[in-house]
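Reviewing the structure listed below.
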Number of protein chains: 2
Amino acid sequence: MVERQRDAERTRTELLDVATEEFAENGYSGARVDEIAARTRTTKRMIYYYFGGKEQLYLAVLERAYAEIRAAERTVDVDHLDPVAAVRRLAEVTFDHHEAHPAFIKLVGVENAQHAKHMNHVARLVDLNSSAVDLLRGVLDRGRAEGTFRDDVDALDVHMMISSFCFFRVANRHTWGALFDRDLLDESRRGHYRTMLGDLVTGYLRK
Amino acid sequence: MVERQRDAERTRTELLDVATEEFAENGYSGARVDEIAARTRTTKRMIYYYFGGKEQLYLAVLERAYAEIRAAERTVDVDHLDPVAAVRRLAEVTFDHHEAHPAFIKLVGVENAQHAKHMNHVARLVDLNSSAVDLLRGVLDRGRAEGTFRDDVDALDVHMMISSFCFFRVANRHTWGALFDRDLLDESRRGHYRTMLGDLVTGYLRK
DNA sequence: CATCTAATGTACGAACTGGTACGTTAGTTA
DNA sequence: TAACTAACGTACCAGTTCGTACATTAGATG
């Protein structure tokens with residue numbers, strides 16, 4: 001055995017990284033504690049030392065995944081764009097995020113499969129997410145005041161419209177490949193789908 | 001022990017019914033063969049007798065679930081409607097189907113989690129599904145010829161647009177309930193979302 | 001440099017879980 | 001009604017998997 005080096009932070013982070021992949025790929029019950037440990041430079045013992053157990057590790061993974069994606073979203077500056085362009089920009093950012101974070105999408109699926117029972121224990125997640133919708137709500141208000149947007153639309157509905165398109169494309173990639181012989185993530189169609197989403201949303205919003 | 005009655009068909013069907021729920025609810029690895037058997041009037045032995053094993057049982061479940069939903073779709077008659085109304089009708093049928101078959105939606109998620117590796121062994125599924133898109137393609141052609149629809153739209157893309165909205169609403173119900181305190185399946189919002197989808201799709205298609 | 005503790009490694013057990021060997025019986029058929 | 005087979009039940013095994021008891025050590029602290 002090579003002489004070990006101690007680095008609590010590194011060990012914790014490494015466990016989280018590997019666990020994220022493992023849980024995303026295999027689901028909660030499908031994920032193997034031994035497998036996670038084997039793919040790190042530490043041992044299974046450390047999962048229990050740092051997190052307490054499989055479930056708490058999963059919780060930590062989930063929290064970090066959401067925190068990362070919402071933090072990135074908040075960096076978007078839409079105030080200098082006109083409402084139509086701003087909505088399109090937000091849709092594009094969501095589109096790009098989903099594509100860049102397949103593990104996150106899978107974790108959302110895993111959590112829904114469990115009726116979001118773990119999520120309820122992480123109050124911080126609610127704040128994180130509602131702030132993302134607030135951004136969109138502001139743009140919609142601006143568009144309404146300006147007269148460009150219809151005034152019967154709800155921000156959360158628009159957020160769902162955008163999310164569903166982006167989510168589906170990543171989440172159902174494999175069944176679509178098998179059933180329709182179409183790779184929804186094929187690079188050559190990326191621009192097409194990105195534009196399509198923008199058209200869809202702005203088309204729906206316009207008076 | 002009560003005297004047993006023999007009924008091969010009933011036993012098979014009962015196993016499939018229970019297995020559908022079990023796999024949908026717990027995923028492939030999360031599903032328990034013992035649990036499935038316990039919830040039927042027969043024993044675990046019969047799973048191996050009729051299907052061969054856990055994996056083949058899952059395959060049978062998947063195939064039947066897709067067959068059911070596509071069969072229902074084919075009953076829709078759109079030829080007597082004008083293209084716009086026909087598209088709206090197709091969207092509504094898909095919407096209703098997704099809502100009425102949550103187990104099916106979950107199975108799609110489960111299968112994607114496994115990179116659709118089982119689906120590839122069921123050639124029949126491909127035919128089933130492509131025929132559903134053919135129906136839509138016909139309507140789009142008609143609308144184009146008529147001059148109502150734009151002529152740069154692909155039927156598969158429209159199908160995805162519709163599916164993603166319907167799928168998301170059911171699949172991500174729980175995380176949305178937790179994060180945004182909104183029950184996407186709440187009965188009071190059902191009509192709203194159904195209309196919204198129709199508006200969205202027809203709005204996108206119109207010239 | 002002696003001491004102490006956070007951090008780490010090893011070995012193992014108890015429960016679970018998919019699968020099977022083997023025996024039994026309901027209902028059909030000659 | 002005797003013989004036969006599809007249908008079914010019981011008991012058990014072997015591998016897996018989460019979790020833990022216990023031993024060890026790197027590096028900080030005084």
Side-chain angles (χ1 to χ4, degrees), chain A residues 1-62 107 110-111 113-114 117-118 121, chain B residues 1-62 107 110-111 113-114 117-118 121:
Chain A
M1 175 69 33
V2 189
E3 73 198 56
R4 57 185 139 156
Q5 287 183 18
R6 304 189 155 198
D7 189 338
E9 197 46 47
R10 190 202 67 180
T11 301
R12 243 191 85 98
T13 308
E14 206 173 333
L15 280 171
L16 273 178
D17 291 341
V18 176
T20 298
E21 287 305 316
E22 177 76 6
F23 280 119
E25 207 51 47
N26 305 104
Y28 180 74
S29 65
R32 298 285 165 250
V33 175
D34 282 302
E35 181 61 23
I36 293 170
R39 289 203 298 223
T40 64
R41 273 171 293 184
T42 184
T43 64
K44 182 172 61 159
R45 178 69 183 76
M46 291 302 98
I47 290 173
Y48 294 88
Y49 184 73
Y50 284 112
F51 299 97
K54 184 182 182 178
E55 187 167 1
Q56 292 97 312
L57 175 60
Y58 169 75
L59 224 93
V61 163
L62 194 68
L107 283 174
V110 170
E111 183 59 9
Q114 294 174 76
K117 71 173 174 186
H118 296 101
H121 301 309
Chain B
M1 175 67 35
V2 189
E3 70 199 57
R4 56 183 140 156
Q5 287 182 16
R6 303 188 155 199
D7 189 338
E9 198 45 49
R10 190 201 68 180
T11 301
R12 242 190 88 95
T13 308
E14 205 173 332
L15 281 170
L16 272 177
D17 290 341
V18 175
T20 298
E21 287 306 315
E22 176 77 7
F23 281 119
E25 206 52 47
N26 305 103
Y28 180 75
S29 66
R32 297 287 165 249
V33 175
D34 283 301
E35 182 61 23
I36 292 170
R39 289 202 299 222
T40 64
R41 274 171 292 182
T42 184
T43 63
K44 182 171 62 157
R45 178 67 183 77
M46 290 303 98
I47 290 172
Y48 294 89
Y49 184 71
Y50 283 111
F51 299 97
K54 183 182 183 178
E55 187 167 0
Q56 292 98 312
L57 175 60
Y58 169 76
L59 226 92
V61 162
L62 194 69
L107 283 175
V110 169
E111 183 60 9
Q114 294 174 78
K117 71 174 171 184
H118 295 101
H121 300 310

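Put simply, CZ on R41(A) and OG1 on T11(A) are 8.0 Å apart, with the number rounded to the nearest 0.5 Å. Taking CG of L16(A) as the reference point, atom OG1 of T40(A) lies at 11.5 Å (rounded to 0.5 Å). One distance of note links CG of L62(B) with CZ of F23(B); it measures 10.0 Å at 0.5 Å rounding. Rounded to the nearest 0.5 Å, atoms CZ (F51(B)) and CE (M46(B)) are 11.5 Å apart.
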Protein-nucleotides 4-6 of chain D N/O pairs under 3.5 Å:
residue : atom : partner : partner atom : Å
dA6(D)  : N3   : R6(B)   : NH1          : 2.8

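D34(B) has its CG atom 14 Å from the P atom of dG9(D), to the nearest Å. In this entry the distance linking OH of Y58(A) with P of dT17(D) reads 19 Å, nearest Å. One atom, CE of M46(A), and another, C1' of dG9(C), lie 7 Å apart when rounded to the nearest Å. If you take CZ of R41(A) and P of dT8(C), they are 11 Å apart, rounded to a whole angstrom. A straight line from CZ of R12(A) to P of dA6(C) spans 16 Å, rounded to a whole angstrom. If you take OH of Y48(B) and P of dA11(D), they are 18 Å apart, rounded to a whole angstrom. To the nearest angstrom, P of dG19(C) lies 8 Å from NZ of K54(B). Atom pair I47(B):CD1 and dG9(D):P shows a separation of 12 Å (rounding to whole Å applied).
A31(B) comes within 4.0 angstrom of the backbone, heavy atoms only, and of no base. Residue-level contact check: R32(A) touches the backbone only, with heavy atoms under 4.0 Å from sugar-phosphate atoms and none from bases.
Between the side chain of K54(B) and the backbone N or O of Y28(B) there is at least one donor-acceptor pair closer than 3.5 Å.
Side-chain N/O atoms of T42(B) include none lying less than 4.0 angstrom from OP1 or OP2 on dA7(D). The phosphate of dA7(C) has neither OP1 nor OP2 within less than 4.0 Å of any side-chain N or O from T11(A).
No side-chain donor from either of Q56(B) and Y50(B) sits under 3.5 Å from a side-chain acceptor of the other.
Among dT17(D), dG18(C), dC8(D), the nucleotide with an atom closest to any side-chain atom of K44(B) is dG18(C). The side chain of Y50(B) has dA7(D) as its nearest neighbour among dT8(C), dA7(D), dG9(D).
Nearest-nucleotide positions on DNA chain C for Y28(B) and R45(A) put R45(A) closer to the 5' end.
The minimum heavy-atom distance linking A24(B) with L107(B) is given by the pair N-CD2, 4.0 Å.
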